[in-house]
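Reading through the structure tokens given below for one structure.
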Amino acid sequence: MPKKLLLIDGNSIAFKAFFALYQSLDRFTNSEGLHTSAIYGFNRMLDKVLAAEQPDEALVAFDAGKTTFRTEKYDGYKGGRSKTPNELSEQMPFIRELVEDRGIKTYELANYEADDIIGTLTKEAEDTGDYAVTVITGDRDLTQLTSKMTTVQVSKKGVTELETYTPDYVLEKLGVRPDQIVEIKGLKGDTSDNYPGVTKVGDKTAQKLIQQFGSIAGIYDHFDDVSGNKLRENLLADRDKAELARELATINRQAPLTISLADCKYTGPDTPKLIDFYERMDFKSFLAAMDPEAVNDQDVYSEIKFQQLTAKNISELASLDSEIELQIELDDENYHTAQIVGLALGDKDHWYATNDAELLHNEVVVKILETADVKKNVFDAKKTYVALNNLGIKLAGVNFDLLLASYLLNPANNSNDVAVVAREHEYQNVKTDEEVYGKGAKRSIPVDQPVFLEHLVHKIAAISNLKVDLFADLDKHNQTDLYWKMELPMALVLARMEIAGITVKASRLEEMGSKLKERMAELEVEIYRQAGEEFNIGSPKQLGHILFDKLKLPVIKKTKTGYSTAVDVLEKLAPDAPIVQSVLDYRQVSKLLSTYITGLLKVINPADGKIHTRYLQTLTATGRLSSVDPNLQNIPIRSEEGKQIRSAFVPSQSEEVIFSSDYSQIELRVLASISGDQNMQEAFREGEDIHAATARRIFGLDSNEQVTPELRRQAKAVNFGIVYGISDYGLAQNTGITRKQAKQFIDRYFEEYPGVKQYVSEIVDFAKDHGYVETLEKRRRYLPDINSSNFNRRSFAERTAMNTPIQGSAADIIKKAMIKMDKALEGYQTKMLLQVHDELIFEVPLSELDEIKKIVPQIMDSAVKLAIPLKVESHYGKTWYDAK
DNA sequence: ATGGTCACG
DNA sequence: ACGTACGTGACCATT
């Protein structure tokens, strides 16, 4: 039996694998943001080939670098190729590691390509005699190595699909012998490697010539026999090119290798290393194939023993550990109004579940829940607090919140489904709610079925299993304080605010609503009159038809689906046609009516006349909160008509006021502080108007010169632009100046604020090196696109790298303030009700007003110590509208 | 379900 | 040359 030798062209297979999976590039990333598509494809190929070949010796050859003996011969060799995408090059070191962990030798040699290494080794094998050689490549050129002893397999689409070349197959497919392939290539050249052959000679002519003459030398030896004048002319003119091309195409089979076949023993995988590698790459299917036992424990949905909790066995709970897992199951997302439909709790050895919510009132259960010394591990602490509070139970002792921890580790892992989060962290033994309850209209909770209780138990088991790992990961990220001192206490503070709710006067909204309805009817008539027909004004499609087809107004912007009718477009058209202004007015009124009048009226709780929003603590990428059902963070303020909505937001008691404090310019202060820019810090320290100060600087005004409102406006836009991650295009778009002017402004800005310039470039570098950015309090955001070869994705990631530490640190600051505030307000009747990113809103009894006026700004000011002071402004009044 | 629009910081 | 300002949620029309 001849020995089996397997030789693989590493670079070309990596390329093929990468582009085969290019569509799914985003699906193949590990938890650290590394792309893994080519690694994955490469490994699929290895699996298949190793199984098929069972080689005695194996080697994967790689290209050593850009310059080789071929580039010395011909400058342009492989010139004009676009750069290897970063998403691929970042994977190359891992492919080598993979290959070695699988027990296969890797090799590269300066000045030579992988082809030449493979060619030289096949020669050694053939000279030795007793070998069967298989070459795996993505490059057809290697088929020239085909011989009796050597087969070449070229990957087709999908990488694992291989086309096998034997000498017979080469002859059948290309019409020439393997050793003549270089002759063909000499004649026709190679566009992908960027070298020319003979003019006007392609596949067909080259094949005919070589079949007739055997080689390029043969053509010129018997030149008289060549037919066709034009062809003869070209052959004569391009003889040098043909000979050079032949040389370039020829694989060097005498490369000065420092290894030989004896060094290429295939040893099989180093199993522990390979398992570790698969784990780092998040390759679950490969892992499962390697180590089915480890997987059976974890990766398959398996039974968990539990008891149904009943009035009879409920006393057993008293003997549970001092640390338990707890899941309260609700019938609706909105935990303020939802009903409890199930409950699971227990410790590692004893799980209990029930669909009888009444059992929550049992004194044994209440005692456990309200005792802080019994630690609770949950999924979504805030939800759990509120749901239990609805029953009058004050949950205490929350320890681990799987949702919160997962969000802090990576804010992209923020699903509100236990199973989705658990799977992110490699724990599989739990199903999603959708898998158990169904989705959409079919969703129903099988309250009377064992599957339901089983599902709940699997949830708490997941929480229990992930606790140690996630705490360890938080520690690795230096996020222990972020979790314990900021986010976990925050959950309770937010729960209190949501439960408190804000009183909204329905009568006031209704009164405004009827006026708006009248106004809308008037505008409707007016618009129909000007359009000459009736149509649905709320339909961008129909409106576009009226404005641009019927009335022939100029088209300024298009959307994917048709004409854009967005405000900035309509504002440009308004001077030309009165109908446009009417449409703008109609839009404003209709927005107020549907979102803020009807919308808010729908969510006033009839029991207490209040609105209870839900803050989503684990949603945003930056660490901000968001607010839903309803969103109370976007109540109108910019237009007077809209601002009136705020007059319906009132204190819950008479003799109280709405009190509001906001951070002034918090994001720019954060920027001044983290960038260390002395000029910007000075402006803040001197208490200057930052936009005016910026205008002075970038427009070079003397200290006694007035900053005009226009200059201030422009400077303000630049300040905003910096915070958003500036680009000249974006700034121009937003301010209506030219892109060139925008660029000048930005350049001037960076000259005047050199610290900011340095910060911007350093933070982007940091992101490129680490794959993430951090806020003041170590909140982290991963930026998988930061090294993308796609300009758009990369640019977006770069802007995000600049913006996230600013926006996120501002979010950290107000969160800290809120936690301190909650403590400071103990013993007061004053209640913190709302948070709107840089603003806190309270209801304050008049009797406490004087004190609150001092306490609130003092706490907000001292939330963190920055290089420059924070500034807080406060207002109050009878309604939210009047707190200005 | 998705896209357009518009409300907020 | 590429074609964008950062972060959100609700409503409506359309598919």
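Every value quoted in this text rests on a predicted model; they were computed, and no experiment measured them. Chain naming here is simple, since letters A, B, ... match the order of the sequence lines and numbering starts at 1 in each.
The side chain of A/A566 lies closest to B/dC6 when the candidates are C/dA5, B/dC6, B/dA7. In this structure, the nucleotide among C/dA5, C/dC11, C/dA10 sitting nearest to the side chain of A/I726 is C/dA5. With C/dC11, C/dA5, B/dA7 as the candidates, the nucleotide lying closest to the side chain of A/T595 is C/dC11. You'll find that the side chain of A/D838 is closest to B/dG9, out of C/dG7, C/dT14, B/dG9. Among C/dA5, B/dT5, B/dC6, the nucleotide with an atom closest to any side-chain atom of A/P540 is B/dT5. The A/N536 side chain lies nearest to C/dA13 when the options are C/dT4, C/dT15, C/dA13. Among the nucleotides C/dT4, C/dA10, C/dA5, the one closest to the side chain of A/D629 is C/dA10. Closest to the side chain of A/S539, from the set C/dA13, B/dG9, B/dA7, is C/dA13. Distances were taken from every side-chain heavy atom of A/S727 (C-beta onward) to each of C/dG7, C/dG9, C/dT4; the shortest belongs to C/dT4.
In this structure, A/Y729 packs face-to-face on the six-membered ring of C/dT4, meeting both the 5.5 Å centre cutoff and the 30° plane limit.
Between A/D585 and A/R519 there is a salt bridge, since a side-chain N of the basic residue sits under 4.0 Å from a carboxylate O of the acidic one. Taking a cutoff of 4.0 Å between a charged side-chain nitrogen and a carboxylate oxygen, A/D785 and A/R793 qualify as a salt bridge. Ion pairing between a basic and an acidic side chain is recognised when a charged N comes within 4.0 Å of a carboxylate O; A/D861 and A/K871 show no such pairing. Comment: A/E777 engages A/K816 in a salt bridge, judged by a side-chain N to carboxylate O separation of less than 4.0 angstrom. A salt bridge between A/E774 and A/R781 is absent, with no side-chain N of the basic residue lying under 4.0 Å from a carboxylate O of the acidic one.
Atom C1' of nucleotide C/dG3 and atom OH of A/Y724 are separated by 19 Å, given to the nearest angstrom. Rounded to an integer number of Å, the gap from A/I635 CD1 to B/dA7 P is 12 Å. Look at CG on A/L543: it is 15 Å from C1' on C/dT14, rounded to the nearest Å. Distance CG (A/L840) to P (B/dC8): 19 Å, rounded to an integer number of Å. With rounding to whole Å, A/Q733 atom CD is found 16 Å from C/dC6 atom C1'. To the nearest angstrom, C1' of C/dC6 lies 8 Å from CZ of A/F796. Per the geometry, CG belonging to A/L619 stands 6 Å off P belonging to C/dT8, to the nearest Å. A/K591 has its NZ atom 5 Å from the C1' atom of B/dA7, to the nearest Å.
Nucleic acid contact class of A/A621 (heavy atoms, under 4.0 Å, all strands): sugar-phosphate only. No contact: A/E839 has no heavy atom under 4.0 Å from any strand.
On a pure distance criterion of 3.5 Å, no polar donor-acceptor pair joins the side chain of A/S795 and the base of C/dT4. Scanning atom types as modelled, one donor and one acceptor separated by under 3.5 angstrom connect the side chain of A/R739 and the base of C/dG3. Taking only distance into account, the side chain of A/R799 meets the base of C/dT4 through a donor-acceptor pair shorter than 3.5 Å. For A/R638 against B/dG9, a side-chain N or O and a base N or O form a donor-acceptor pair under 3.5 Å. The base of B/dC8 does not come close enough to the side chain of A/Q633 for any donor and acceptor atom to sit less than 3.5 Å apart.
Close to C/dT8, at under 4.0 Å from its OP1 or OP2, lies no side-chain N or O of A/Q807. At least one side-chain nitrogen or oxygen of A/S626 sits closer than 4.0 Å to the OP1 or OP2 atom of C/dG9. At B/dT5, one or more side-chain N or O atoms of A/T565 fall inside 4.0 Å of OP1 or OP2 (strictly under the cut-off). For B/dG9, neither phosphate oxygen OP1 nor OP2 lies less than 4.0 angstrom from any side-chain nitrogen or oxygen of A/R624. Proximity of A/S564 to the phosphate of B/dT5: a side-chain N or O atom is located under 4.0 Å from OP1 or OP2.
Relative to the six-membered ring of A/Y881, A/K643 meets both conditions, a distance below 6.0 Å and an angle of at most 45° to the axis.
In this model, a donor atom of one side chain and an acceptor atom of the other lie less than 3.5 Å apart for A/Y335 and A/E498.
Pair assignment for B/dC6: C/dG9, on the basis of Watson-Crick or G-U wobble contacts that are both within less than 3.5 Å.
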